[in-house]
Each structure stands twice: as C-alpha cells, then as structure tokens.
Amino acid sequence: MKIFLRKLIAVLAMLGVVGLNTVPLVAFAQDKPAAGMKMDDKAAPAKEEKKEEAKPAPVPNKGDVAWMLTSTALVLAMSVPALALFYGGLVRSKNMLSMLMQVFVTFSLITVLWCIYGYSLAFTEGNAYFGGFDRLFLAGTFDAMKGEFAMAGTFSKNTPLYELVFVAFQATFAAITCCLILGAVAERIKFSAVLIFMVLWFTFSYAPVAHMVWFWMGPDAYTDPKVVDAMNAKAGLIWQWGALDFAGGTVVHINSGVAGLVGAYLVGKRIGYGKEAMTPHSLTMTMLGASLLWFGWFGFNAGSALEANGSAALAFMNTFLATACAVLSWMFGEWLFKGKPSMLGAASGCVAGLVAITPAAGNVGIPGAFVIGTAAGLVCLWGVNQLKRWLHVDDALDVFGIHAVGGALGALLTGIFNAQSLGGPGLVTDWVTGKVGSNPIWDQFLIQAQGVGMTIVWTGVVAFIAFKIADLIVGLRPAEEVEREGLDIGEHGETAYHM
C-alpha cells in the first residue's frame, strides 16, 4: 500500500497536480518494510527534478524605515516651527506674523506641488536636466487593488526603501529650500508675489537642480560592467560629473542663497535701510529657532544616508561636531573684531556650521568636520559683514552670506576631505562591485567647483525671471505706507502681539 501511494504521488507530480515539494499529510519517517516484505522489495523512490527557486524580492528593513520616517519628521520641524521662529525673531515686531505666515504657507504650497509633479520632475528618469512624468500625483507608488508599495533604491544593493517614505523625506527638503529664500526679502515683499515666485522657482530651479545632482539609477541597476556607461548616462548632469553632495550643499543652500541675493536686488532695500535701526525684535526666539534647527538637522544630514547604518552615524557625528566648531569660531571671531560676543552671532554661527557640513556630512571624516565647521564660522562671519557691504545689498536675514557662502565652502572642502588620506570615507569607484576609493584631491575639488558654478548660474537665471514675472503680475512691493505700518497689519490684517 505504501509503495502504491508513493507511485501515485509521483505520477500526480508529473501531471502538475501535486508539487514535488508538497509536504504529505502522512509522514513516512521510518520507512520500515511491511510484514513479510524484504528490504530488497522496496520500490525505488521516484527521482525528483531539482527546480531552482526564485529568490524573493528584498523588502525594506524595518529599522531603515523607522529611521527615515523619524528623519522626515525632524526635517519638517526645521521649517515649522524652527526656521519660522529663527527668521521671525530677526525681523521687527511689526513684521513677525508676516514672516511666520510666509514660511508656513510656502512650506505647505511646495509640499502639495511636490506631490503633484515636483517629485516626478526631480526623481524619475528623463534627461540630464529634468525627470519625466511617471510619478505625476505620485502615480505608481502604491497599488490600492493589490496592496503593494513601490520601492526606491538606497545606496546599498538589495536594500530598498518604500518609495512613499523617500517621497515624503525629499518633500521636506524642497519645502525648506524655498522657505530659506524668504529671509533675503523679508519685511518688504507682497505675500501674493511670494506665492507666484515660489511656484515658478520651485518648478524651474529646485526640481531640475535636485535632478541634476541627486538622480541616478540606483545601485541595483549596476549589474554588470557592460551596463555602467548606459546607467551613468541616465543620471543627472552633475551626478554624471561626479560631484559629491551628501544632503544639499548645492541643491538646498547655494540654490536658495543665490536666489535670495537676486531677490534682494530686484525687490530693493527696505525703507530706511542704513538710516533707521532695524534690530531683531526677539533674539530669544531666534536662539530657540536655531536650537531647533540644530536638532532637526540630524534628520536632514544623517537621514540622507537613507539607511540606519555607519554612513548615517558618520553624518550624525559630523553634523554635531562641525556645528559646535562653527558656533565657537564665529563667536571668537566676532569677539576679536567687534569687541563683544553676541547671541545673534552664536546663533548665526550655528546655522553656518550646519549649512557648510551639509554637503560633507557623510562624505568626510572627523578631521574634515573640525576644519569645515571652524572655517564656516569665520568665512560666513566675513560673508555677512564685509562681503555684504561690497555687494551693496539689503539681504535682510543674510541668506546669501550664510547659505550660499557656507554651502559653497562646504561643497568645495568636501572635494578635499573626502580623500581617505585625509580621514575621509572616500567614494564608490565601481558600483558593480561596490569598490571604494578616492579620486585625486585636486581633481575632485575641480569637479565640486564645477557643480557649484552650474548651480549658481542656473538658480540665478531662474530666480531673476521668476521675480520679474511676479513683478509683472502683482508687483513685488507693497505700498510705502503698508511697509511702514508693517506687513502684519497691511498684508494680513492681524498682529503677532497685542500690547
């Protein structure tokens, strides 16, 4: 009987009725012969064909997902409330509410535009400058009928991330970049002009620069040396050049800083600038905002590793250390040249250090963090004082002097301290094998400079056109009496404080 059952199962398996790997309901564990049967009488077992089982698709690591969701929330907090409070404390009390309103609404506007078309333009395959339209309205990121989620690549092979998590993380970057520009034109720009400018600049500057710097086909696309050139050709232009930008020195800081400078020139100086005192109305609020920025920036930089791994740990520590170095170098520099250390200077040094370490966070070692942070405090101190006077511009909250100057400094120094000989982690020189090495320092420095230059030109041109269009449609400045009274009352009909 037992022999009969074995033969029956074998026949059914050949017909596809029963799988060869099916576990039988009756276990023949011992296989003892029936009474009266000799061992030699046992039927030979049917030969089973070995089938290669398809490897299951890799799934996101829960630790990575948790870290990236946390990082996204941290970066969101950098804008609302951190940047809003930092900027709000720096303006005069009559413009406090307008500053909060501009940051709050701009962040919301860009988040919506990102989900409609911005993500698709930045992070899908297109050409060297713009992505495509495969992800309009986030189409394809979640299949509701099947309950399946699309995956995005990270920086390690077979280590995916839910694409929606990546979408949300990058949305916070796009939104805060646009919010940064507001500081340059604070206290004298129409709210309606802000909204028009943001739509245009986000579409034609942020999205393409993000695509040029950060878009590539991902590590899993590099399966064979024969496909390397084809995969590289699909990446963004600046990525193809080999420029390193870990978390946004070019995409976020140079991009917004140069746009802010263009805006400051086109909008013009505040009424009374250089003649009336325009001191910050609440350095307490500014210090609180700077502290929250420092806290949230760990998500900004360490989160850009896209995984909870050693690269994230390095970026976290570098962000911590470089910022502290910049606070001290700015404070001592100000103390030396101006006679007194100020809270405003310490808070500004904090932001300068954060900005400069952004492109370098996971791209340099601890020695690089010491140098970049210390240099950032001193160079940006010069940027908001001497350089600002040379430019004859009313960059109200020093967006260019800190973000553009600090971002460029960090991007260039990344080209130096990425080298393993200087304590850096190096870079992946072969994505097929994952081999890590270092480019000659001067060569990498020139590549970094090329990326910085491209970003400056691109954002400068787009910002000029976008501000001009906003000016033609609604005008950039409110009436003089509105500006003198304050934008809180004149633009929004309410005030931040009730005396």
Side-chain angles (χ1 to χ4, degrees), residues 13 16 18-23 48-73 114-115 118-126 131-173 210-211 214-236 239 246 299 302-313 315 362 427-436:
V18 178
L20 287 173
N21 293 323
T22 301
V23 178
E48 298 182 353
E49 295 181 3
K50 293 183 178 180
K51 294 183 179 179
E52 290 187 7
E53 296 183 6
K55 293 182 179 179
V59 297
N61 178 279
K62 291 182 178 180
D64 291 341
V65 174
W67 167 238
M68 292 308 300
L69 290 173
T70 302
S71 295
T72 301
W114 183 255
C115 294
Y119 173 73
S120 191
L121 288 180
F123 287 104
T124 64
E125 186 178 342
F133 300 104
D134 294 343
R135 287 293 190 258
L136 291 180
F137 291 93
L138 303 185
T141 56
F142 173 62
D143 188 330
M145 298 303 295
K146 297 181 180 179
E148 296 176 351
F149 292 87
M151 299 296 165
T154 59
F155 296 106
S156 301
K157 288 181 181 289
N158 300 314
T159 310
L161 183 70
Y162 292 114
E163 190 172 1
L164 285 176
V165 177
F166 183 71
V167 170
F169 182 64
Q170 288 295 336
T172 59
F173 278 63
H211 181 81
W214 283 335
F215 178 75
W216 64 307
M217 298 305 291
D220 294 318
Y222 291 79
T223 56
D224 188 275
K226 297 178 181 179
V227 305
V228 170
D229 290 341
M231 293 301 103
N232 287 345
K234 295 181 179 182
W239 193 95
F246 194 80
S304 291
L306 302 183
E307 303 169 49
N309 59 10
S311 181
L427 47 83
V428 176
T429 57
D430 183 355
W431 281 105
V432 177
T433 62
K435 181 182 177 182
V436 175

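The structure presented is a predicted model; accordingly, all values stated were derived computationally and were not measured.
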Could you measure the distance from the OG1 atom of T72 to the CZ atom of F166? Nearest 0.5 Å is fine. 10.0 Å

Atom CH2 in W239, atom CE in M217: separation rounded to 0.5 Å? 10.5 Å

Measure across V227 and A221 and return the closest heavy-atom pair with its distance rounded to 0.1 Å. CG2-O, 3.7 Å

Do any N or O atoms from the side chain of N232 and from the backbone of A235 form a donor-acceptor pair under 3.5 angstrom? no

Is M231 close to W431 at the side-chain level, that is, under 4.5 Å between some pair of heavy atoms? no

Working to the nearest 0.5 Å, report the span between CG of L136 and OG1 of T124. 8.5 Å

Looking at every heavy atom in both T433 and D430, which two are closest together, and how far apart are they? OG1-OD2, 3.1 Å

Taken in chain and number order and not counting sequence neighbours, the residues that satisfy side-chain hydrogen bond (donor to acceptor under 3.5 Å, both in side chains) with E163 are Y119, R135

CG on D134 to OG1 on T141, rounded to 0.5 Å: 12.0 Å

Heavy-atom side-chain proximity of N61 to T159 below 4.5 angstrom: no

Side-chain heavy atoms of L121 within contact of F133, under 4.5 Å: yes

L306 versus D64: any side-chain heavy-atom pair under 4.5 Å? no

Where is the tightest heavy-atom contact between P60 and V65, given as atom of each residue plus distance? CB-CG2, 3.7 Å

Measuring from atom CH2 of W67 to atom CG of L161, what distance do you get when rounded to the nearest 0.5 angstrom? 13.0 Å

Classify the side-chain pair E307/S156 by whether it contains a donor and acceptor separated by less than 3.5 Å. yes

Would you mind reporting whether F215 and E125 have side-chain heavy atoms less than 4.5 Å apart? yes

So V432 and D224, do their side chains get closer than 4.5 Å, heavy atoms only? no

For P219, does its backbone N or O pair with a side-chain atom of K157 as donor and acceptor, under 3.5 Å? yes

Minimum side-chain heavy-atom gap W214-F123 below 4.5 Å: yes

Minimum heavy-atom distance M151-Y162, with the two atoms named: CE-CE2, 3.5 Å

Nearest atoms (heavy-atom pairs only) where A315 meets G362: CB-N, 3.9 Å

Over all heavy atoms of both residues, which pair between G63 and A308 is shortest? Give the atoms and the distance, please. O-CB, 4.2 Å

Answer whether the closest heavy-atom distance between the side chains of S304 and F173 falls below 4.5 Å. yes

